[in-house]
Amino acid sequence: MDSAFDKVDMGQLIRKLSVMGLPNLLVNWIHQFLMGREVQASLGGSYSEFKRKAYNIGLPQGSVLSPLLFSVYCHDISLENVLGAELFLYADDISVAVVGRDPLCL
C-alpha cells in the first residue's frame, strides 16, 4: 500500500522550499539528501545489497525530516471554494470537516 509520503514530487517540493525563502545551501542539502538515497530490501531476516537510486518522487519512510517536508509540500492546499469547510493537516493525514444541517447536502 502506498503512503502519502510516496507521492511527493521532489521537483515541486524543492521549488516550494526555495519560494519559502530557505537559504540555497539548506535547499541544496535537502535535495541531495532526498536524491542520493540508498534502498535495501529484507525478507525473513535476509537483506539485499544496498542499491543507490536517484529518486524523483517520494520521501523516505522513517526519516525524521519526512513529516516536516510533507507538511511543507501540503501547506498550500486550499478549500476556499468550499463554504464552511475546514482542513486539518497532521504529518501525512488530511481531514476535511464540514458543518451543515442536512447530511445529504454534504
Side-chain angles (χ1 to χ4, degrees):
M1 177 178 216
D2 288 340
S3 79
F5 287 177
D6 296 333
K7 304 297 182 194
V8 173
D9 180 276
M10 293 300 141
Q12 289 182 15
L13 175 61
I14 296 303
R15 278 189 293 282
K16 289 181 181 192
L17 291 169
S18 294
V19 168
M20 290 176 64
L22 269 65
N24 286 338
L25 185 63
L26 180 57
V27 173
N28 290 337
W29 183 89
I30 292 170
H31 185 255
Q32 291 301 314
F33 167 73
L34 294 173
M35 299 304 283
R37 290 184 275 150
E38 292 182 338
V39 295
Q40 182 180 48
S42 68
L43 179 63
S46 298
Y47 295 88
S48 71
E49 294 181 27
F50 278 103
K51 300 288 183 182
R52 184 173 288 277
K53 184 175 179 182
Y55 290 93
N56 61 0
I57 194 163
L59 295 171
Q61 298 294 321
S63 168
V64 296
L65 284 180
S66 292
L68 175 64
L69 293 173
F70 186 80
S71 294
V72 168
Y73 187 73
C74 294
H75 86 280
D76 55 357
I77 293 176
S78 175
L79 289 175
E80 292 177 4
N81 296 335
V82 181
L83 293 176
E86 192 165 349
L87 185 68
F88 298 94
L89 299 167
Y90 179 76
D92 64 342
D93 293 323
I94 300 173
S95 295
V96 179
V98 181
V99 177
R101 293 177 189 216
D102 185 354
L104 299 176
C105 292
L106 297 178

Query - Residue pair L69, V8: steps toward the side chain to side chain contact (heavy atoms under 4.5 Å, CB included) verdict - result: CA-CA 9 Å; L69 293 173; V8 173; over 6 Å; no
Requested in this report: Go through the steps to decide whether M10 and M35 satisfy the test side chain to side chain contact (heavy atoms under 4.5 Å, CB included), and finish with yes or no.
Outcome: CA-CA 8 Å; M10 293 300 141; M35 299 304 283; 3.9 Å; yes
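L65 and M20 end up in the same hydrophobic cluster when Ile, Leu, Val, Met, Phe, Trp and Tyr side chains are linked at under 4.5 Å.
Aromatic ring orientation, F33 versus W29: parallel (interplanar angle below 30°, classes split at 30° and 60°).
Legend: residues meeting side chain to side chain contact (heavy atoms under 4.5 Å, CB included) with S18, ordered by chain and number and at least two apart, are V27. Applying the side chain to side chain contact (heavy atoms under 4.5 Å, CB included) rule to Q61 yields the partners S3, F5, D6; only residues at least two apart in sequence or on another chain are considered.
A donor-acceptor pair under 3.5 Å is formed between the side chain of S66 and the backbone N or O of P60.
Y73 pairs with exactly one of L59, D9, L17 by the side chain to side chain contact (heavy atoms under 4.5 Å, CB included) rule, that one being D9.
From N28, atom CG reaches atom CD1 of I14 across 8.0 Å, with rounding to the nearest 0.5 Å.
Applying the salt bridge (charged side-chain N to carboxylate O under 4.0 Å, His left out) test to pairs two or more places apart or on separate chains, those with a residue in residues 10-30 are K16-D76.
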